[in-house]
Number of protein chains: 2
Amino acid sequence: MSRTAHGQPAPGRPRSESARIAVLHAVDDMLVEQGYAAMTMKGIAERAGVGRQTVYRWWSTKAEILLEASTSDAAHELDVEPRARPADDLLAFLEALTTFLTTSPAGLAYRALLGEAQHDTAVRELVRAADLIGTATSAVLARVRPHAAAMPAPPLAAAQLAGPVVAVILETGVPLTPAQLADHTRLLLGAWTAGPQR
Amino acid sequence: MSRTAHGQPAPGRPRSESARIAVLHAVDDMLVEQGYAAMTMKGIAERAGVGRQTVYRWWSTKAEILLEASTSDAAHELDVEPRARPADDLLAFLEALTTFLTTSPAGLAYRALLGEAQHDTAVRELVRAADLIGTATSAVLARVRPHAAAMPAPPLAAAQLAGPVVAVILETGVPLTPAQLADHTRLLLGAWTAGPQR
DNA sequence: AGCATTACGAGGCATCGTGTCTTGATAATC
DNA sequence: GATTATCAAGACACGATGCCTCGTAATGCT
């Protein structure tokens, strides 16, 4: 349980860690009930039954709370069961990624954070440091790499695999279809397996 | 010069189109001077030497103004000169896209809009309707398609080409390197040319 | 030219969110 | 049982929003 950023959380020890947990639960609930835009620091405090100063004591922005509230869920949802065939492995991951970004509360939170990151440097650092999608993508790629001799280095390969999925959702809100995901993995895996075509 | 959304801009015709232009110029300037986050409707009006009501008369949100102010610049910057070889054509486009998203004022505006779109449905519709990146990408792909027999249908192909570039910038703020862009185009073009590897 | 219409700049207004500060109650430590 | 410090609650100043009202000036129609 990191103390988040904000410096140390105060000299005295927290009388109740439960205040932190109440806030995180409140944020979880409010996110699905009213969405990110309608969430306010004041509203979070009231919903959590907590003083406003208590919220500010541990987090300095909505983004920090949201990230802490959704990180573990996100990591769990993007950690797909390995499949025997590489193509199935990649496809299962991309489908999980799509579900995450379009329907999961944690995914919606992540998209909101990604949005804030575009005009707030501090949030950008938070998102980059968490790197939820990059980490999950790399895990899958590590399993597939032995079967794909021509796969580029991790950063580019991860971008090639997940980038199209992420970008389309961020730009339009509508994900690639399962058929498109299948075509994408097939083409990419083919290129990674076959080697450069000069 | 479209009248933007907002319904009709009012029954009477604009006494001076110059008010609109002043606002658009002010937004352009303020975007580079203070960034999107610091921009306010009040500030825009004052900077443009215009009453606040005048701003609200023609645009209902900051996002609408920003989109109108940067659309033509964006389209121009993403319209790259065709190259003889398909690989060069794709690479030149991706480099232009990278420059656009990381250094151009219009590109920064577009990223800010993309950010807002993640928690504002109305903005999402605006961005989707404009579809600046998708349009530019499709134009390039149309030139390359004759040389790439196995290229998927336009929506997927566009996502495969531009998605990784866009996603990495949105997620980290740091673009793919020129070398990575070159590797990406080479691999993609190879896969599109060679056909499915089953 | 003259009149009605309507946008215009300026700024007041209520409302809301933010982040800080204060208060009185409550729990932990000695 | 006294001291200390956290806590919930809410007051506060500030800034942004979007609406509304002025008096003014430009436009369209006759």
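Letters go in sequence order (proteins before strands), and every chain restarts at 1.
- Residue pairs meeting the salt bridge (Lys or Arg N to Asp or Glu O under 4.0 Å) criterion with at least one partner in residues 69-80 of chain B, sequence neighbours excluded, are absent.
- Within residues 114-125 of chain A, no residue has any heavy atom under 4.0 Å from DNA chain C.
- Between the two ends of the helix from C/dA1-D/dT30 to C/dC30-D/dG1, each summarised by a five-pair axis, the helix axis turns through 20° (rounded to 10 degrees).
- When the side-chain nitrogen and oxygen atoms of A/T40 are compared with OP1 and OP2 of C/dG17, none of them lie within a distance under 4.0 Å.
- For the residue pair B/T121/B/E125, the side-chain donor-acceptor check at 3.5 Å is not satisfied.
- When the salt bridge (Lys or Arg N to Asp or Glu O under 4.0 Å) test is applied to A/D89, the partners found at least two apart in sequence or on another chain are A/R143.
- Contact detail for B/A150 and A/L187: the closest heavy-atom pair is O-CD1, 4.4 Å.
- Sorted by first and then second residue, the pairs that involve residues 33-46 of chain A and meet salt bridge (Lys or Arg N to Asp or Glu O under 4.0 Å), not counting sequence neighbours, are A/E33-A/R47.
- For DNA chain D, the neighbouring residues in residues 42-52 of chain A, judged by any heavy atom under 4.0 Å, are A/G49, A/V50, A/G51, A/R52.
- Inspection of the B/Q160 and B/W192 side chains reveals an N or O donor paired with an N or O acceptor under 3.5 Å.
- Side-chain heavy atoms closer than 4.5 Å link hydrophobic residues (I, L, V, M, F, W, Y) into clusters, and following such links, possibly through other members, connects A/L156 to A/L90.
- One can place OH of A/Y56 at 17 Å from C1' of C/dT22, the figure rounded to the nearest angstrom.
- In this entry the distance linking CD of B/Q53 with P of C/dG9 reads 11 Å, nearest Å.
- Counting heavy atoms from C-beta on, the side chains of B/V23 and B/R20 never come closer than 4.5 Å.
- For A/M41, counting side-chain heavy atoms from C-beta on, the closest listed nucleotide (D/dC19, C/dG19, C/dC8) is C/dG19.
- Atom CH2 in B/W59 sits roughly 18 Å away from atom C1' in D/dT17 (whole-Å rounding).
- The side chain to side chain contact (heavy atoms under 4.5 Å, CB included) check on B/T71 picks up B/L67, B/L132, with sequence neighbours excluded.
- Distance A/R57 CZ to D/dA5 P: 12 Å, rounded to the nearest Å.
- Pairs engaging residues 92-116 of chain A under the salt bridge (Lys or Arg N to Asp or Glu O under 4.0 Å) rule: none recorded [sequence neighbours left out].
- For A/D131, the salt bridge (Lys or Arg N to Asp or Glu O under 4.0 Å) test picks out no residue, with sequence neighbours left out.
- Against DNA chain D, the stretch residues 25-39 of chain A makes no heavy-atom approach under 4.0 Å.
- Contacts classified as ring pair (Phe, Tyr, Trp, His ring centres under 6.0 Å) and involving residues 97-151 of chain B (residues at least two apart or in different chains) are given here: A/Y36-B/H119.
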Table please: side-chain donor-acceptor pairs of residues 162-173 of chain B below 3.5 Å, with sequence neighbours left out.
residue, atom, partner, partner atom, Å
B/T172, OG1, B/V168, O, 2.8
B/T172, OG1, B/V174, N, 3.0
B/T172, OG1, B/V174, O, 3.1

